[in-house]
Amino acid sequence: MCDHAHEIPAYDAQAIEEKWMKSWEEQNLFAVDTDSTKPKKYVLEMFPYPSGDLHMGHARNYTIGDAMARQARMRGYDVLHPIGFDAFGLPAENAAIKHNTQAAAWTYKNMDQALATMKRMGFSYDMDRLVKTCSPDYYRWGQWIFEKLWERGLVYRKKNPVNWCPKCETVLANEQVTEGRCWRCDSEVEKRDLEQWYIKITAYAQELLDDLEKLPGWPERVKQMQANWIGRSEGAEVDFTLCDVDGNPIEGDEGKITVFTTRADTLFGNTFFLLAPEYKGLMDLVEGTGYEAGVREVVEGAKHISAVERAQGTLEKHGAFTGRYVINPVSGAKVPVWVADYVISDYGTGAVMAVPCGDARDFDFARKYDLPIVPIILSEDDPLYEDLKDEQGTRVTSVDWDEALTCEGKLVQSGKYTGMTGGKHSEGEAAIVADLEAAGTGKRSVQYRLRDWLISRQRYWGNPIPAIHCEHCGIVPVPADQLPVMLPENLDLTAGETLAECRDFYETTCPVCGAPARRETDTMDTFTCSSWYYLRYTDPHNTELPFSREAANRFMPVDNYIGGIEHAILHLLYSRFFTKALRDMGLLDVDEPFTNLLCQGMVKDENGDTMSKSRGNVVPPSSVIEPFGADTMRLAILFIAPPEKDFDWDPKAVEGANRFIKRAWRIVWQLAETAGDAASLDKVALSKPALELYRERHRTLAKCTEDFDRGQFNTAISAMMELVNAASAYINVVPAAERDAALTALVACDIVSVLAPICPFACEELWHAALGREGSVYTAPWPEFDAAEAAADEVEIAVQVLGKMRARVMVPAGADAAVMQAAAEAAVAKHIEGKTVVKAICVPGKLVNLVVK
RNA sequence: GCGGGCGUGGCGGAAUUGGUAGACGCGCUGGAUUUAGGUUCCAGUGGGCUUUCCCGUGAAGGUUCGAGUCCUUUCGCCCGCACCA
């Protein structure tokens with residue numbers, strides 16, 4: 001038992017945390033120093049939606065960011081670490097109706113509650129930069145940016161089949177539909193043909209894809225997900241010529257139907273031609289013919305396929321012959337035109353050349369409707385190959401296969417291309433595309449799966465789209481000097497009132513001609529608000545612009561961005577697009593907003609289940625803060641697992657964290673008792689145990705610092721524990737009177753400093769009370785260390801014989817290979833007895849491996 | 001189907017470039033302090049005939065003086081996208 005325990009003040013987390021919470025706020029300690037000449041570091045956590053109080057996921061997210069921010073401050077950076085709220089959104093409307101209040105009131109109340117919890121957790125935010133997206137100061141600039149995009153042709157309106165969520169009563173963007181269901185409420189989405197507002201994100205598809213390579217600090221899987229979502233395909237557009245009802249080709253543009261294909265090499269295998277049910281002009285082809293009824297049936301049937309069924313991928317294919325034919329521009333074949341419900345209308349051209357021999361879907365369709373299957377790519381060991389390799393054999397137009405052949409091989413039955421290799425980017429493909437281009441019937445083309453971003457929402461609690469519908473002038477933007485279009489905060493949602501029914505809102509005059517006009521009553525997708533908030537933080541009070549170029553350039557890009565994987569596509573893709581678009585408007589000079597991305601894992605309950613209100617298994621942060629304090633909460637969260645991994649909540653781990661803080665607290669106080677002037681440390685005069693502690697201090701500090709840089713808090717904390725253990729061992733073996741005053745001062749300061757980013761309250765208290773320092777520990781520098789100082793005079797090396805561990809032996813530090821080998825051979829004498837050492841591999845300071853015969 | 005990731009003690013997890021597997025913590029066992037519980041401190045804790053011997057990183061091969069780490073095959077689990085021509 002330690003000899004001075006009675007003198008050490010108890011660790012009273014609640015009192016300490018209350019005290020420093022107030023003090024930091026009064027000092028405004030975490031404000032950015034705008035005059036600083038220090039290098040900047042921008043640490044950002046994804047801002048929350050204020051749906052109530054913070055949960056464990058938030059606590060984890062912000063603790064990670066806060067530890068990074070506090071440590072960066074101590075390492076000498078000018079740190080921008082702001083917070084705000086993604087405050088618009090549908091849950092506020094639903095809650096307002098449920099609680100008979102207003103969306104604004106509910107939102108503001110929740111934000112206040114969340115802010116109180118953030119303060120209680122000790123997060124070091126620059127509160128002067130607080131951003132709330134529902135504030136007119138903020139959304140004004142969202143409208144301004146919208147109009148700038150509009151000016152540049154990046155905003156447009158289009159009537160199109162769109163995703164409609166019947167529960168949320170609004171349309172959704174493609175990114176907001178998962179397996180046919182609404183991302184927010186999980187309802188099955190419906191297709192509706194509506195005129196809506198779009199942002200032309202596809203204009204940036206290629207750059208969004210290419211620049212993923214500029215993001216080595218992003219998780220590979222997130223980049224992969226974005227690349228898949230953008231979905232670039234290289235291929236060719238090929239023009240087919242439609243025949244009239246009598247089978248005569250229709251010359252000119254009238255008769256041209258273009259398809260996109262990645263497999264131009266398979267054009268000779270094309271035995272039928274498909275149009276999507278939504279293909280424009282489809283019904284004109286069959287109107288008044290005997291095929292009209294059959295086609296109409298497929299078109300109507302397709303409307304009833306839900307996106308959920310589609311997502312299952314097991315749908316039976318339906319189709320109908322249109323009675324028409326097209327001429328294949330390469331083979332010259334006349335092939336029948338069908339409508340098929342597996343053709344997607346908004347990818348490529350909505351028309352497809354079917355190649356049943358090599359495409360599983362076309363194969364299924366051909367089997368079902370008894371259409372010919374012409375083999376055109378065969379491997380050379382295929383029984384058919386000999387017959388078909390030189391165009392001499394009998395033409396084969398049907399096969400007995402059970403499924404399409406997707407193997408590599410050579411082209412057969414392909415005219416002059418026969419014998420070339422087939423496949424994507426193959427010899428055959430290149431030759432055919434070259435000939436198409438020469439003939440003017442085709443060209444190279446690239447398609448993306450990425451669709452334009454549908455941003456209008458038929459909802460109230462959002463940023464109003466700043467547009468006016470005038471009978472005479474069409475749709476015109478609200479003049480910039482009239483922004484923002486203010487969102488009324490007094491709608492009676494309980495009575496079902498919407499913006500479209502709010503006369504005070506929508507009645508206006510046309511800014512061009514002055515005639516009475518109607519204001520647009522759709523609001524913007526909330527993801528538009530979150531696509532640029534990180535820029536507003538750099539200049540939050542600007543009344544002339546969303547942010548100044550100087551401020552943005554000073555802090556951007558965000559160095560460390562921390563948030564959940566659920567935004568891998570949505571928010572992160574939209575934000576990348578906004579950054580690029582704003583760059584092209586000359587508003588800032590970076591290409592990418594977030595240099596390093598950390599996707600933190602989820603916090604599950606003790607059984608590994610997701611915490612949710614409906615399950616009733618939510619562990620609120622208060623359940624830890626109240627008994628143990630915020631420092632324990634923070635330490636437990638960071639120590640239990642690496643930040644990017646999911647972890648199951650474990651009350652025992654919380655107790656362990658609390659135990660460590662108390663232990664560190666006690667050790668620091670004990671060290672402080674004998675602490676003198678750390679600067680007077682004389683390494684030569686240190687006793688053996690003191691020297692050991694001294695070395696351990698350099699070793700653990702090096703490890704800890706490196707782990708902070710890697711964002712590996714769990715191992716950084718392990719290193720801190722080792723340092724505390726080393727200090728404890730020193731105290732246990734050396735009586736107080738004999739302890740080195742400089743060393744104890746140094747190590748006490750070390751422990752407090754390295755733990756400070758993680759347990760800020762306890763460390764700030766120790767800094768003042770135990771160490772007697774003036775000023776905050778966060779204005780003090782990070783401890784200096786030298787990994788070379790950790791080296792002992794002697795090191796233990798491993799001795800292996802033929803790769804098997806046989807002994808461990810001490811050798812002088814820096815011993816050369818000969819010395820190491822001699823020591824090793826002596827240590828394993830009995831294992832090498834009677835054998836010859838033919839080779840010795842010596843890894844300095846680590847091991848010797850003896851190869852014997 | 002396509003793409004990505006992961007398999008290490010009773011548990012969470014270490015091992016940064018191939019070089020002493022299991023750091024650190026939880027739990028457990030024993031001891032000290034204590035009236036007791038709690039706290040704290042000390043020691044131990046991968047498995048195996050308990051003895052300096054063998055086996056051990058999902059499984060099987062391979063490369064290497066040496067493999068948790070690299071290669072091939074395979075099994076199991078997780079995530080993302082999905083009728084994208």
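Chain letters run A, B, ... following the sequence lines, proteins first and then strands; every chain starts at 1.
One distance of note links CH2 of Trp665(A) with OH of Tyr11(A); it measures 7.5 Å at 0.5 Å rounding.
As rounded to the nearest Å, G46(B) and A60(B) have C1' atoms that lie 23 Å from one another. Going from the P atom of A15(B) to that of U64(B) covers 29 Å, rounded to whole Å. As rounded to the nearest Å, A67(B) and G19(B) have P atoms that lie 11 Å from one another. To the nearest whole angstrom, the two P atoms, one in U63(B) and one in G68(B), are 16 Å apart. C81(B) and G48(B): their C1' atoms are spaced 48 Å apart (whole Å). Nucleotides G47(B) and G61(B) are separated by 25 Å at their C1' atoms, to the nearest Å. Between C79(B) and G31(B), the two P atoms lie 47 Å apart (nearest whole Å). For G30(B) and G38(B), the P atoms lie 13 Å apart once the distance is rounded to whole Å.
Between the side chains of Tyr448(A) and Gln206(A), at least one donor N or O lies within less than 3.5 Å of an accepting N or O. With no hydrogens or angles considered, a side-chain donor-acceptor pair links Tyr342(A) and Asp362(A) at under 3.5 Å. Side chains of Asn228(A) and Arg449(A): a donor-acceptor N/O pair is absent below 3.5 angstrom, by distance only. In the model, Arg232(A) has no side-chain atom that pairs as donor or acceptor with a side-chain atom of Gln447(A) under 3.5 Å.
Applying the 4.0 Å criterion to OP1 and OP2 of A85(B), one finds that Tyr342(A) has every side-chain N and O outside that range. OP1 or OP2 of C55(B) lies within a sub-4.0 Å distance of a side-chain N or O belonging to Lys804(A). The side chain of Thr715(A) places no N or O atom within less than 4.0 Å of a non-bridging phosphate oxygen (OP1 or OP2) of G13(B). For the OP1/OP2 pair of C41(B) and a distance below 4.0 Å, the side-chain nitrogens and oxygens of Arg663(A) include at least one atom meeting the criterion. At C53(B), one or more side-chain N or O atoms of Lys830(A) fall inside 4.0 Å of OP1 or OP2 (strictly under the cut-off). The side chain of Lys662(A) contributes no N or O atom lying less than 4.0 Å from OP1 or OP2 of U40(B). Distances shown here put every side-chain N or O of Arg449(A) at or beyond 4.0 Å from the OP1 or OP2 atom of A85(B).
Taking every side-chain heavy atom of Ile841(A) into account, G19(B) is the closest of C83(B), C26(B), G19(B). Checking A15(B), C65(B), U20(B) against every side-chain atom of Ala798(A), the shortest atom distance belongs to U20(B). Of the candidates G13(B), G66(B), C54(B), C54(B) carries the atom nearest the Arg806(A) side chain, counting heavy atoms from C-beta on. With G12(B), G13(B), C53(B) as the choices, the nucleotide that has an atom nearest any side-chain atom of Asn714(A) turns out to be G13(B). Taking only side-chain atoms of Arg666(A), from C-beta outward, the nucleotide of A82(B), A85(B), U40(B) with the closest atom is U40(B). Distances were taken from every side-chain heavy atom of Thr262(A) (C-beta onward) to each of G19(B), C81(B), A85(B); the shortest belongs to A85(B). The side chain of Val352(A) approaches A85(B) more closely than any other nucleotide in the set C42(B), A85(B), G13(B). Of the candidates C26(B), A21(B), A23(B), the closest approach to any side-chain atom of Ser718(A) belongs to A23(B). If you check G80(B), A85(B), G12(B) against the side chain of Val343(A), the one that comes closest is A85(B). Among G12(B), U20(B), A85(B), the nucleotide with an atom closest to any side-chain atom of Phe639(A) is G12(B).
The interatomic distance linking Ile230(A) (CD1) with G80(B) (C1') rounds to 15 Å, in whole Å. Protein atom CG of Leu638(A) is 17 Å distant from nucleotide atom P of G25(B), rounded to whole Å. For Ile731(A) and C42(B), the CD1 to P distance is 11 Å, given to the nearest whole Å. In this structure, Ile661(A) places its CD1 atom 16 Å from P of U39(B), rounding to the nearest Å. Summarising the geometry, the separation between NZ on Lys652(A) and P on G10(B) is reported as 20 Å, rounded to the nearest angstrom. One interatomic measurement links the two molecules: CG of Leu847(A) to P of U20(B), which rounds to 6 Å at whole-angstrom precision. One interatomic measurement links the two molecules: CE of Met805(A) to C1' of U52(B), which rounds to 12 Å at whole-angstrom precision. One can place CZ of Arg699(A) at 13 Å from P of A15(B), the figure rounded to the nearest angstrom.
The nucleotide C70(B) finds its pairing partner in G62(B), both defining distances of the Watson-Crick or G-U wobble pair being shorter than 3.5 Å. Nucleotide A15(B) forms a pair with no other nucleotide shown, judged by Watson-Crick or G-U wobble geometry with both contacts under 3.5 Å. With a 3.5 Å ceiling on both atom-pair distances, the Watson-Crick or G-U wobble partner of C41(B) is G31(B). Under the Watson-Crick or G-U wobble criterion, with both distances below 3.5 Å, U52(B) is left unpaired in every strand shown.
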(request) Give the intermediate values and the outcome of salt bridge (Lys or Arg N to Asp or Glu O under 4.0 Å) for residues Arg451(A) and Glu175(A). (result) CA-CA 9 Å; Arg451(A) 299 274 79 91; Glu175(A) 290 80 7; over 6 Å; no
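Looking at heavy-atom distances under 4.0 Å, Glu796(A) makes contact with a base. In this structure, Ile640(A) reaches the sugar-phosphate backbone alone: every heavy-atom distance under 4.0 Å involves primed, P, OP1 or OP2 atoms, never a base. Note on Glu220(A): nothing from the nucleic acid sits closer than 4.0 angstrom, heavy atoms only. Across all strands, Asn725(A) comes closer than 4.0 Å only to sugar-phosphate atoms, never to a base (heavy-atom distances).
Taking the six-membered ring for Trp and thresholds of 30 and 60 degrees, His567(A) and His571(A) have ring planes more than 60 degrees apart, a perpendicular arrangement.
Other residues, nucleotides and ligands contribute only 12 or fewer heavy atoms inside 6.0 Å of the NZ atom of Lys804(A).
Annotated as anti: G44(B), whose O4'-C1'-N torsion sits more than 90° from 0.
Ranked by how close their nearest RNA chain B nucleotide is to the 5' end, Leu850(A) and Asn228(A) are led by Asn228(A).
Annotation for Arg60(A) and Pro643(A): closest pair NH2-O, 3.3 Å, computed over non-hydrogen atoms.
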